[in-house]
Amino acid sequence: MYDLMIIGGGPAGVAAAVYAARKRLKTILITEDIGGQSVVSEGIENWIGTPKVHGADLAKSFAAHLDAVKSDIVTLALHERVASLTPAEGGSASGGKAIGFVATTKTGKGFTARAVLIASGAGRRKLDVPGADKFENKGVTYCASCDGPLFGGMDVAVIGGGNAGFETALQLLAYAKSVTLIHRHKEFKADAVTVKKATAHPNMRVIAHAEPTEVMGEQFVTGLKYKDIDSGEIKEIAVSGIFAELGVLPNTDFVEGLVELDTVNRVKADPRDQRTSTDGLWAAGDCTDELYHQNNIAAGDGVKALEDIYLWIKKQ
Ligand SMILES: Cc1cc2nc3c(=O)[nH]c(=O)nc-3n(C[C@H](O)[C@H](O)[C@H](O)COP(=O)(O)OP(=O)(O)OC[C@H]3O[C@@H](n4cnc5c(N)ncnc54)[C@H](O)[C@@H]3O)c2cc1C
């Protein structure tokens with residue numbers, strides 16, 4: 001049995017693994033890959049201490065850091081996806097004190113540890129229209145705080161009329177030439193205050209009751225086609241950037257029933273120490289219900305969790 005199992009190799013999982021190695025906790029890190037979501041980013045400009053780094057290079061530096069400290073104390077189960085996590089025999093999923101947990105991967109491998117850190121992150125709900133895949137990171141993006149400044153002085157579109165859509169629009173209005181928000185319904189899901197603030201801006205335009213049908217472009221995005229649901233007419237706007245804010249899908253299917261989740265299936269975690277509702281289980285990064293999701297925050301969560309896990313294990 002390992003002291004600790006970390007599930008996920010993004011910034012949260014890797015930061016935790018580095019701390020686990022330094023604290024000499026016998027650890028298994030199970031992950032499909034090292035690097036996490038921003039591996040596809042052309043340029044990350046807010047990883048503290050590094051003015052600009054390509055996502056793939058950031059992933060390489062995570063792997064190098066891990067290699068430098070892991071020694072024989074942190075074992076890597078790479079290219080493995082956890083399919084289920086259950087209390088080890090004698091443990092209990094709720095209320096009682098679990099003595100450990102067993103993870104089973106899709107390939108059928110089993111791993112047991114006394115403590116588990118869930119750092120499995122999330123994926124963005126993708127824009128599902130022709131051209132969206134082809135132009136991803138060539139104008140189509142899923143992260144305004146990451147990529148927004150690249151579109152300074154340009155016309156951009158935001159897809160989605162929830163809070164995320166309107167907040168993204170507000171962020172973009174600070175530097176974009178114009179922002180057009182496209183929303184499928186007549187009513188917005190976003191708070192009235194946020195809608196009012198965005199729509200009051202002279203460079204903001206809202207197209208409600210419309211749905212995107214195609215991303216246009218050559219090398220990069222040049223426009224977006226959408227259907228006016230009332231008339232059925234297909235229309236087109238010229239934009240250089242398309243920010244899809246269609247919701248986030250946390251990678252938490254393997255802990256359903258084991259730990260308390262919020263209404264959108266994110267693990268509820270205490271922001272002071274990253275503990276979850278189940279003793280022996282911690283969660284960090286984008287798979288949690290914290291308000292803000294960024295690389296630095298995920299890494300910080302992983303560190304916080306490890307400080308707490310270390311004390312918890314020493315007390316057992
Ligand atoms: C395109 C894009 C660009 C971004 N750019 C920036 C940026 O410039 N700056 C910034 O601060 N943030 C950026 N972000 C946000 C940032 O990437 C996330 O906040 C951060 O990656 C969250 O880290 P994490 O470790 O919690 O999860 P993730 O990065 O999502 O990592 C999760 C890890 O868990 C693994 N995993 C998932 N499920 C399982 C499972 N069942 N079993 C085993 N392994 C599993 C995955 O393979 C992955 O290794 C960007 C996001 C996107 C999508």
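Note that these values count all heavy atoms, side chains included, but never hydrogens, waters or copies made by symmetry. Ligands are counted one by one from 1 in listed order, and the atoms in each one are counted from 1 as well.
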Exercise. Looking at CD1 of I229 and CZ of R184, how far apart are the two atoms once the value is rounded to the nearest 0.5 Å?
Worked result: 7.0 Å
For this session: Tell me whether I159 is reachable from Y226 by hopping between hydrophobic residues (I, L, V, M, F, W, Y) whose side-chain heavy atoms are closer than 4.5 Å.
Result: yes
For this session: With sequence neighbours excluded, give me every side chain to side chain donor-acceptor pair (under 3.5 Å) pair touching residues 43-56.
Result: N46-Q294
Exercise. Does the E211 side chain pair with the main chain of K227, one donor and one acceptor, at a distance under 3.5 Å?
Worked result: no
Exercise. Mind checking whether Y142 has an N or O less than 3.5 Å away from an N or O of ligand 1?
Worked result: no
Exercise. In Å, rounded to the nearest 0.5 Å, how long is the span from CD1 of I34 to CG of L29?
Worked result: 5.0 Å
Exercise. Does an N or O from A12, backbone or side chain, lie closer than 3.5 Å to an N or O of ligand 1?
Worked result: yes
Exercise. What protein heavy atom is closest to atom 51 (C) of ligand 1, reported as residue, atom name and distance in Å?
Worked result: Q37 OE1, 4.0 Å
For this session: Decide if the gap between the ring center of F166 and the ring center of F188 is smaller than 6.0 angstrom.
Result: yes
Problem set entry | Nearest candidate to atom 17 (O) of ligand 1, where distance is taken over non-hydrogen atoms, out of N295, D147, D286 | N295
Exercise. Could an N or O of ligand 1 be found under 3.5 Å from any N or O of V82, whether backbone or side chain?
Worked result: yes
For this session: Could you point out which residue of L258, T288, V267 forms a side chain to side chain contact (heavy atoms under 4.5 Å, CB included) with T252?
Result: V267
Problem set entry | Check: N296 N/O within less than 3.5 Å of ligand 1 N/O | no
For this session: Just go through E290, K106, R81, E45 and tell me whose heavy atom is the nearest to atom 38 (N) of ligand 1.
Result: R81
Exercise. Would you say ligand 1 has an N or O under 3.5 Å from any N or O of N137?
Worked result: no
For this session: Identify, for atom 4 (C) of ligand 1, the protein heavy atom at the shortest distance, and state residue, atom and that distance.
Result: C146 SG, 3.2 Å
Problem set entry | Option set G121, G9, P11, criterion heavy-atom distance to atom 33 (C) of ligand 1, minimum | G9
Problem set entry | Contacting atoms of ligand 1, where contact means under 4.0 angstrom from a heavy atom of I7 | 42 (N), 43 (C)
Problem set entry | Near-ring test F101/F111, centroid separation under 6.0 angstrom | no
Problem set entry | Nitrogen or oxygen of G285 less than 3.5 angstrom from that of ligand 1 | no
